[in-house]
Structures are given as structure tokens and as C-alpha cells.
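In what follows, a single structure is set out as C-alpha cells and then discussed.
From a predicted model like this one, the values you see are computed outputs, not experimental measurements. Quick note: residue numbers are just sequence positions, from 1. Just so you know, ligand 1 is whichever comes first in the structure, and atom 1 is the first atom listed for that ligand.
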Amino acid sequence: MQVIALYSNKGGVGKTASAVNLAYLAAQSGYRTLLCDLDPQSSATFYFRVKPKLKKQARGLTNPGKAIDASIKGTDYENLDLLPADFSHRNLDLTFNDAKNSKDRLRRVLRPLRRDYDLVFLDSPPTINILAENIFRAADHLLVPLIPTTLSVRTFEQLQAFLKENRYKTRMLHSFLSMVDRRKKLQREAEIEIRNRFDNVLTASIPYLSLVEQMGIMREPVPVYAPRSTAARGYVALWAEVRAIIDGDR
Ligand SMILES: Nc1ncnc2c1ncn2[C@@H]1O[C@H](COP(=O)(O)OP(=O)(O)OP(=O)(O)O)[C@@H](O)[C@H]1O
Ligand SMILES: [Mg+2]
């Protein structure tokens, strides 16, 4: 089982949209896939038409003694399950802070699932606190969406510095360009700067298209309602690169 976290300390960069589409494409490729919605905003849960509320006894992430599999729900798609966000996840930071081995909590909670899934995607809220450290320890790979702007460069440098200082393996870090609008000169320039400056930027990029925003109305992954669109092709190309990375690890 490999764990891939869609992570950024910046909000609104396309983490959830990518997590949903990549998880769907992985499942389509035959990987037994679980998407964990760690964000109390519960957008990923909404996109898969799953109710965010977990039964009291099933709060796998916040309730230390409880088995996580009681919280997992099926989706409309073969090979794809979801651990829905629960409003109690707003307290994940506090829960993890109070727990023993507070930075390892998420990794430990996910461990019993290793026989059931080939791939786990984590959809993270935009944070760099104890939950983020749990994510860094639980994940084999971090996938960071970068909107091509100067500010993204700065935030990504801060993240790299943090990971280095705290001795996380730098080879776990990958980024890709997200919400790219090539009609904008500034974005074209920023894209070049990002590709020159960082050596972990994947080739595939996700264009800025209202078709992706429509996921909120369609409540389906993009390749389901617009399989031949540029947006779907972007996610397919991204999945191909991610797949090559995880297959290379086996
Ligand atoms: N490629 C895209 N083109 C156009 N709109 C997009 C694209 N990707 C995401 N969006 C839209 O932008 C908004 C933010 O995207 P998303 O929720 O995926 O970001 P996020 O990083 O998960 O945000 P948060 O930090 O709040 O969790 C959403 O309304 C989404 O529909
Ligand atoms: Mg999100």
C-alpha cells in the first residue's frame, strides 16, 4: 500500500480537485483505492455524494481506539472507497496533539488498511501544523499543486525548507502546475521560473478550466462527465506520471 498526499500549505490551489480525479483514475486502472478526506470542509466527500457525517462509534481518525474500517464507505465506482470527512475532523489537530506519538498518529491509523488497498490518497486542508506533520509521516509521496505565481514559489520554498529541516526525505516531494492559464503572460513567465528553479515539477499540468469547477454541480470526477476534455486529459497525464512514480517504488 502506498500513500499519496495532495498537500499544500496554501488554500484553493486544486488539492481536492486533483485528489478526487486522481483517486478515480487510479481505481479505474485497477488499483484498490481509498480517498481519505481530512478536511472538515468535506469537499471531496461532497463530490462523491457521500454524507459527511460518520456514526458516533465510527470516528476512526479522532477516536483513538476505534478501527478505521468501520468509517469507510463505498463510492459509485469500482475499486474506490472513501473515508468521509467528518465535522469532528476540525479538531484533528487537537486530537493528534493530545495523542501519544502525536506525529505518527495518522500513519498508525492507516496501517491496518495495508491489506485492503493498493493506494491511499489523502486530501489535506491547507495547514502546516501537527496535522501536516502527520501527513508527512503517513505519506510515501507528497504531491503539491502549484499555481504559477511568484507567491507559490515562495510558499513552496518554505515547504521545502521545512521538510529539509525536519529531515523528511526530499525524494518524497513532487509538484505539478495547477489551474494554469497560459493566456496570462505573468503565468507563462512564472511557469518557466518554477520549472527552472525546482527539479521535482512533473511534466503534466492542469489547465484552468470552468469544466473542472463544474465538478461541484456534476458531483462526479471530470473524466466521468467530460472524458475527452482537455481537463480530463490533464488529469490522465498527471495520473500516468504519478503511477510511474509509485510503480517505480515497488
Ligand atoms: N483546474 C481548475 N480550473 C478551474 N477551476 C478549478 C480548477 N481546479 C480547481 N478549481 C476550482 O477552484 C476551487 C478550489 O479548488 P480545490 O477545492 O480543488 O482547491 P483546494 O486546494 O483543495 O482548496 P482548499 O485549500 O480550500 O482545500 C474550487 O472551486 C474548484 O472547483
Ligand atoms: Mg481542498
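- No side-chain heavy atom of Ser18 sits under 4.5 Å from any side-chain heavy atom of Phe121.
- Contact annotation: the side chain of Asp81 never approaches that of Thr33 to less than 4.5 Å [non-hydrogen atoms, C-beta and beyond].
- Shown here are the protein N/O/S atoms lying under 2.8 Å from the Mg ion (ligand 2), water excluded: Thr16 OG1.
- Ring geometry for Tyr168 against Phe162 counts as parallel: the plane angle stays under 30°, on a 0 to 90° scale with 60° as the upper cut.
- Thr149 and Ser152 are linked by a side-chain donor-acceptor pair at a separation below 3.5 angstrom, with hydrogens and angles left out of the test.
- When the shell of 6.0 Å around CD of Gln158 is examined, it contains more than 12 heavy atoms from other residues, nucleotides or ligands.
- Rounded to the nearest 0.5 Å, atoms OG1 (Thr170) and CG (Asn200) are 8.5 Å apart.
- Aromatic rings of Tyr24 and Phe48 (six-membered ring for Trp) have centroids beyond the 6.0 Å cut-off, not under it.
- Residue Arg195 places its CZ atom among more than 12 non-hydrogen atoms of other residues, nucleotides or ligands, all under 6.0 Å distant.
- Of the possible donor and acceptor atoms, none in the side chain of Asn9 sits under 3.5 Å from a partner among the backbone N and O of Thr127.
- Closer than 4.0 angstrom to ligand 1 by heavy atom are Gly11, Gly12, Val13, Gly14, Lys15, Thr16, Ala17, Asp39, Gln41, Tyr47, Pro126, Met179, Ile206, Pro207, Tyr208, Leu209, Val212, Glu213, sorted by chain and number.
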